[in-house]
2 protein chains.
Amino acid sequence: MSAKTGRPKGDSDARQRLIAAALALFGNQSFNNVSTRQLAREAGVDAALIRYYFGSKLGLFEQMLREMLEPMLERLRAQPQAAFPSDLTGLMQTYYSIMAPNPNLPRLVVRVLQEDEGTEPFRILMTLFGEVMALSRQWLGKVLLNSGRLRPGVEPELARLSFTSLMVFPLIAPQVLIRQFGISLDADFLPTLIQHNVQVMEKGLFLPEDADMRTLS
Amino acid sequence: MSAKTGRPKGDSDARQRLIAAALALFGNQSFNNVSTRQLAREAGVDAALIRYYFGSKLGLFEQMLREMLEPMLERLRAQPQAAFPSDLTGLMQTYYSIMAPNPNLPRLVVRVLQEDEGTEPFRILMTLFGEVMALSRQWLGKVLLNSGRLRPGVEPELARLSFTSLMVFPLIAPQVLIRQFGISLDADFLPTLIQHNVQVMEKGLFLPEDADMRTLS
DNA sequence: TCTTTAATTCATCATTTGATGAGTATGGTA
DNA sequence: TACCATACTCATCAAATGATGAATTAAAGA
């Protein structure tokens with residue numbers, strides 16, 4: 001019979017499981033609404049391990065974010081331009097491929113950003129996610145503006161907003177709403193969504209590809 | 001000197017102030033994250049009054065939602081068609097005019113819908129907001145589909161999704177993001193946003209107004 | 001005026017929360 | 001083998017939370 005107490009035999013993935021549980025739970029509920037006991041239960045682990053590995057609940061939160069965002073950041077920072085397509089379709093595909101590995105993250109980020117700005121989780125998130133925002137903004141700007149095809153009269157900032165709305169909303173919308181649209185956001189569906197969004201933006205924000213620039217005001 | 005305890009002289013708006021506090025706080029934090037003491041402090045009122053007027057914290061939540069959504073529902077239910085324009089601009093203007101009175105509501109709704117679906121606040125919200133969703137869907141369907149101008153190849157459900165993304169995202173996006181776009185969502189700005197969104201959808205989803213229908217497949 | 005009802009404060013309770021320290025067993029190393 | 005760091009469990013604490021009932025005062029009605 002195995003001992004209840006003391007170090008368990010063999011290897012264990014308690015730490016990993018806590019990180020996974022944190023992503024799962026913080027992805028769907030706000031920081032304060034998730035209890036350490038819940039996290040431990042979800043991970044199948046004693047609650048005191050949170051302190052052991054991460055110092056505190058906030059420590060677990062921070063470490064989880066770090067491990068989720070780091071790969072994303074590395075990919076965005078590398079940006080040898082070549083790897084970052086400058087056409088809308090390529091932009092959206094790359095974007096979704098960066099986000100796809102952890103579908104809980106967008107909801108988590110948006111929820112935390114909405115919490116009172118003075119709060120600790122907010123500061124932690126901003127430290128890590130601020131750079132993601134900045135790099136994305138830069139990249140998006142390149143695609144939208146440098147293409148030189150924005151329809152005259154279309155404010156660049158509003159174009160950014162539209163792009164973000166079309167891309168982000170489906171990722172953060174509550175399931176009840178998503179279901180109402182008769183769609184599901186699994187990998188199968190993504191290409192369809194991307195194609196649709198590209199169409200909307202191509203015709204909605206840009207001049208026809210072959211348009212003569214001299215027709216501008 | 002006024003007595004600390006007992007019924008206060010003259011009229012008081014304690015009940016009203018609690019409702020207002022509830023909208024303000026539940027608008028920015030999740031249900032469990034807002035304490036009765038916080039609500040009371042925000043309203044400048046003793047916490048026991050929550051029980052007195054609403055039975056419980058959940059009762060206050062429900063009553064607040066009821067009072068916020070009822071006017072909205074009445075307006076949507078009336079729908080003498082005439083009052084509900086069938087052009088995109090009119091649709092968006094009416095929509096925003098319905099939402100404008102309480103800018104906290106969209107965030108609140110989306111947050112509650114995202115919380116675990118088994119929860120009490122969720123059920124309460126769905127009872128009231130379900131009808132809002134259904135009526136909006138109906139109305140939107142009329143405008144999008146019955147116009148007969150959807151570009152061929154554009155899935156109606158995706159058109160709905162795009163519309164909702166463009167309309168709702170700006171209302172629920174965290175302030176940090178909104179600021180990043182260099183815009184603010186006050187009344188001054190709404191017309192600009194509406195005009196932009198109409199443009200995007202007109203050109204992105206619809207056939208040119210004067211298009212000859214015979215060019216369709 | 002007397003009595004009942006309405007509106008409020010206050011002290012307090014059981015429960016849940018995050019954190020903590022003491023204790024226990026395993027693994028690697030000298 | 002002796003030893004110490006590693007990986008865990010468990011009981012428990014102080015703080016915060018929602019709820020509650022008793023007490024207090026004002027207003028309204030008879």
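Residue numbers start from 1 in every chain, and the chains themselves are labelled A, B, ... in the order their sequence lines are given, proteins ahead of strands.
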Can you tell me the distance, in whole Å, between the [atom1] atom of [X] and the [atom2] atom of [N]?
X: A:Gln29; N: C:dT17; atom1: CD; atom2: C1'; answer: 15 Å
X: B:Gln38; N: D:dA15; atom1: CD; atom2: C1'; answer: 15 Å
X: A:Asn32; N: C:dG18; atom1: CG; atom2: P; answer: 8 Å
X: B:Asn33; N: C:dT16; atom1: CG; atom2: C1'; answer: 14 Å
X: B:Gln16; N: C:dT8; atom1: CD; atom2: P; answer: 12 Å
X: A:Phe31; N: C:dT17; atom1: CZ; atom2: C1'; answer: 12 Å
X: B:Arg41; N: C:dT9; atom1: CZ; atom2: C1'; answer: 17 Å

- Taking only heavy atoms on the protein side, list every residue of residues 56-68 of chain A lying under 4.0 Å from any atom of DNA chain C, sorted numerically.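 Here the set is A:Ser56, A:Lys57.
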When you measure from the side-chain N and O atoms of [X] to the phosphate of [N], is any distance below 4.0 Å, counting only OP1 and OP2?
X: A:Tyr53; N: D:dC8; value: yes
X: B:Tyr52; N: C:dA7; value: yes
X: A:Ser12; N: D:dC8; value: yes
X: B:Thr36; N: D:dA19; value: no

Identify whether the distance between the nearest side-chain nitrogen and carboxylate oxygen of [X] and [Y] falls below 4.0 Å.
X: A:Arg179; Y: B:Glu117; answer: yes
X: A:Glu157; Y: A:Arg160; answer: yes
X: B:Arg66; Y: B:Glu62; answer: yes

- Message: Surrounding CD of B:Gln16 (heavy atoms of other residues, nucleotides or ligands, distance under 6.0 Å), is the total greater than 12?
- Response: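 Count not over threshold, so no.
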- Query: side-chain hydrogen bond (donor to acceptor under 3.5 Å, both in side chains) between B:Asn33 and A:Asn33: does it pass, once the steps are laid out?
  - Reply: CA-CA 6 Å; B:Asn33 208 9; A:Asn33 208 9; over 6 Å; no
- Message: Assuming nearest nucleotide by heavy-atom distance, tell me which of B:Leu49 and B:Arg37 is located more 5' along DNA chain C.
- Response: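 Looking at the nearest nucleotide for each, B:Leu49 comes out on the 5' side.
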- Task: For B:Ile50 and for A:Ala14, find the nucleotide of DNA chain D with the closest heavy atom, then tell me which residue's nucleotide is more 5'.
- Result: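 The answer here is A:Ala14.
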- Query: In terms of ring plane angle, is the pair A:Phe31 and A:Phe26 parallel, tilted or perpendicular, where the classes change at 30° and 60°?
  - Reply: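 Rings of A:Phe31 and A:Phe26: parallel, as their planes differ by under 30°.
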- Spell out, as yes or no, whether a donor-acceptor pair under 3.5 Å connects the side chain of B:Asp46 to the backbone of B:Ala48.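 Looks like yes, one N/O pair under 3.5 Å.
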- Message: So does A:Gly44 get a backbone contact from the side chain of A:Arg17, meaning a donor-acceptor N/O pair under 3.5 Å?
- Response: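 Not at all, since once roles are kept as given, no pair shorter than 3.5 Å links the two residues.
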- Task: Indicate whether any N or O donor in one side chain lies under 3.5 Å from an N or O acceptor in the other, for A:Ser184 and A:Asp186.
- Result: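 A donor-acceptor contact under 3.5 Å links the two side chains.
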- Whether each nucleotide of nucleotides 20-30 of chain D has a protein heavy atom under 4.0 Å at its base (B), only at its sugar-phosphate (S) or at neither (-) is summarised, 5' to 3', as BS--BBBS---
